[in-house]
Amino acid sequence: MSLNEEVELLRRIPLFAKIEASKLKLLAFTSQRLTYKPGDVLFHQGDPGDAAFVIIGGEADVMVDAPGGQLKVAHLKQNDFVGEIAILCDVPRTATVIAATEVTTLRIEKDLFFRLIADFPQIAIEIMRVLAQRLERTTTDLRTLSAKLKS
Amino acid sequence: MDKNLYSFILKYSLRQQVIITVLSLISFVPYYYYLSMPKTIVNQGIEGKNISYPVDVMGLGLLRLDNTDYLLLLCVGFLALVLVQQGFKYAINYFQGVAGERMLRRLRYELYGRILRFPLPTFRRTSQGEIIPMVIAEVEPIGGFIGESFALPIFQGGMLLVIFTFLVIQNPLMALAAVALYPIQFYFVPRMQAKVRALGRERIKNQRRLSDRIGETISGVPELHTHDASNPMLAEFSRRLSISYWIRVEIFQRKFMIKFLNNFIQQLGPFFFYAIGGYLAIRGHMDVGTVVAAVNAHKEMGAPWKELLNHYQTREDVKQKYEQVVSQFEPEGMRPAEDQTAEPSEPVSLCGPIAVSGVVLNDDQDQPILENLSLTLPWPARVAVVGDHGRDEMLQLLGRMIVPARGKILANEHNLADLPETVTGRRLAYVGASSYIFNTTLGNNLFLGLRHRPMQPRTREGAEQSRFERELGEALASGNSPHDPDADWTDYAAAGARGPEDITAAAIVALQTAAFDEDVYQIGMRGTLDPEQKPEIAERVLAARLAFREKLSNGALADLVENWDPARYNSNATVAENLMFGTARNGIYQEDNLARDPHILSVLDAVGLRQRFLEIGYEVAGTMVELFADLPPEHEFFQQFSFISSDDLPDYKDLLLRTKPDALDQLPESDRIRLMSLPFKLVLARHRLGHFNESERDAILRGRKIFAETLPSERRDAIAFFDPDHFTISSSIVDNILFGRVAYGQAQAQEKIGRVMADVVEQMRLREPIIEVGLQFEVGIAGARLTAAQRQKLAVARALVKRPDWLLLSEATATLDPRSHAQVVKAVIEARKDAGLIWSLQRATDCELFDMVVVMEHGRVAQFGPYAELCEKHGRFKQMLAPA
């Protein structure tokens, strides 16, 4: 895939929809496009976080370590992004992400990620939106669980 | 070492001094004739005075010459005398030079040898910056002086005497008048000179401090940067320079004043001659000729007299310098030279208990470090030492690095203080927290402790051997080391090896114990080997290449590496690599030089790509400018991704602005080279800029063939071609096994490849040869190319490999991370099972695996016993174990 095709592909991802072409080109040129085989691990829970990932193709599972083994907490598909918490909050990876099918990702280095957020408020808003959705879902889960525990 | 310069000279160069002096005296004879010949030529040869022609030359009537022939003979005689006279001069100068240089060599060797024997505490007071100029620069004039130390005064004094005698014969009164002022000069000038010399010494001392300061600046430069401390350093340096300046100014004042006085006194002679002699001549007491003769004679005597005075002054100067240097090199407590040179008559083993009794050690200020220390360690024993200060000093004492002020240390019933270094340096090994790593290969550093004396002489042949013998003879004549530095010095038996063939195996054991083997293996993987010297290993690397490809060809790993295939374009390699199908071995085919290289350009022409390269270069430059123009110049992307450095980017921007894509041909040569250099760096799979379509890639493949075929013969060594059946010279071992490029965009490719690579290396039994390659790695100044942890591990391995009777580690693994530290502690304890080990540690928790624990407190042994026992008892150790 040539750089220009990749730029077209990135433009279809909502996160990057409003970024001008030259910036997307720099993003595509400087970010690694990585292919994972099914079962490969994008990153492990507890690793230091140095990059975020955008899923360009394929699907992946998000797992957390639980007392009884690993617990699947989310499923990722095309255009989702993952791994931003560790670089935003400077904490170790909060979950393990495993490729479910063959997965193609765009790996965005921490430095570039912050540049993008600083340069493009729409990216920041998009990320906030996704984070808020996740928080909302987690809160709902928590509420259900607490209710279950009480009864 | 002789305190007096003259006894040093006589002791070691008496013979040369006699030869030089005798030569000087003999040279008077031709000199005399040389001086008188012109008179004979003028009087007899030309003017024909006091002679009748034909002349009977030998007085035997055999050779009768007329006037012109005789003149010719006299002139030839003159020429011959010039030759003889200059021949003597040449010989004298040569012998003087050689004698001086030999003595200088002896002196420097002796001083360096003394540095090697200085007691350790000396180095806390004396810095490198002071010692180095003494050995190198300050003794230099001594060498020059030694050659002429006897000959010059004798020769010049003789000359003076001859002229003086001549004068006395002419007119005793005038002769006396000519030298009347000499005693005054002889008395006053040296006295005035003394002050100048004192200033000179002051200046030298100041210069030592200057060089010391520069040395310190270089060592501490990171600290100066991080604290912005360059201005005080500059100010301080400026002050030192100022001191030097003012000393020099004073020297100038005095020196030139002396010169002034000297010349003045010298001219007082003629003044008296003219005044008194003239007066007497007018009165008729003396004839004018005598006055003129006296003035001339006085002039003649000027030169030797000046030489003598100079010599006298240099002598005082050099003598003082010599005494000063020598006194600096005689610190208290220095051991004799035999301590390091004399082989012990019978082997001494220190495999036995250690008994320390009543040992006292004080620091520089006479404050006690160890107070009345007594301790007995059994044999074999692995002992941990913990506690407060005095631990390192105790280990240094046990390693005979230092000697106690009072008290005795016995190891296997030998008093350590009495043992020479030839025993302690082999049977004991001390490793401190910052062991020095020498600027040589890893292997030379590792085997340092096995090299005490030449074990296996190096065989030389023909001219090389005679050259070596000459050098050795000269070394002996200067009292230098008789040993051949190129011999094999390695004591293989000391490492438990039979010879060069299995020393690596012994080294690996030590490396493993110090947890350093993996590092050396990785270093070796990045190193290379010469297939001509090690054909068998190169063969195995090729087998590993095949096995590696085999393993990668199946399933999940298939896409990880794109192999070098002569018939295919490798889209994970640069265009340059694809075109040349090899790696540059020197500058000729370096990427940046390709665009202007006639051979490369001819290849591009042959496949019709030259114009295309220019176009692609233009497009690539455009993309780079578009992508990177907005980034700040220091941004790391420039280094990581850009083909164009941030410095050059504006130039390219200009270039693009003034260029039209359809007029690239009209660009000046330098701009075309600029643009054309870019496509060579493209890696198609990674950069994905959409250049080089299939037919262009095919053209490059054609160019690949033409490149190899037309490679000029004188450039054969400039490139190493990729050949599936041959080891690629000057490529690393890992690249040789990989034989391709890691594919772009495959997740965790490095880790997966690393695992397969390790398997293959194991399978081909390549680990040992690769470690051997790793041992050839040059570690840089003070081991700067290794990490701090690697340097410590190397130091521990270096001590382990010589298998000392007692191994003394003083926080020798302090910079290791906790996991590696624990691993090394465990491995070393295991390795020293039936031997002696004393390890000074920081944490009490590390002591668990040791047989015994010594707890130090205020320079005494507070507790001593097995770990479990000390854990039970109330005391210092239990406190140390408790969490803070």
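Sequence lines set the chain letters: A, B, ... in the order given, protein chains first and strands last, and positions in each chain run from 1.
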Does [X], at its [atom1] atom, have more than 12 non-hydrogen atoms belonging to other residues, nucleotides or ligands within less than 6.0 Å?
X: B:Glu762; atom1: CD; result: no
X: B:Lys653; atom1: NZ; result: no
X: B:Arg819; atom1: CZ; result: no
X: B:Glu694; atom1: CD; result: no
X: B:Glu550; atom1: CD; result: no
X: A:Arg134; atom1: CZ; result: yes

With rounding to the nearest 0.5 Å, note down the distance linking CG in A:Leu26 to OG1 in B:Thr623.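 Spacing of CG (A:Leu26) from OG1 (B:Thr623) equals 12.0 Å.
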
Starting at CD of A:Gln32, measure out to CZ of B:Arg686 and round the result to the nearest 0.5 Å.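 Reported value, rounded in 0.5 Å steps: 8.0 Å.
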
Kindly give the heavy-atom pair with the smallest separation between B:Lys752 and A:Asp40, and that separation in Å.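 Closest heavy-atom pair between B:Lys752 and A:Asp40: NZ-OD2, 3.0 Å.
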
So if I take each residue of residues 73-110 of chain A and look for any heavy atom under 4.5 Å from a heavy atom in chain B, which residues do I end up with?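 The residues closer than 4.5 Å to chain B amount to none at all.
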
Under the 3.5 angstrom rule, does the side chain of B:Arg688 hit a backbone N or O of A:Glu6 as a donor-acceptor pair?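 Not at all, since once roles are kept as given, no pair shorter than 3.5 Å links the two residues.
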
Taking side chain as everything from C-beta outward and backbone as N, CA, C, O, which of these in A:Lys37 sits under 4.5 Å from a heavy atom of chain B? Side chain, backbone, both or neither.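 For A:Lys37, the contact with chain B is made by the side chain alone.
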
How would you list all residue pairs meeting salt bridge (Lys or Arg N to Asp or Glu O under 4.0 Å) that involve residues 123-132 of chain A, not counting sequence neighbours?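 Found A:Glu126-A:Arg129.
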
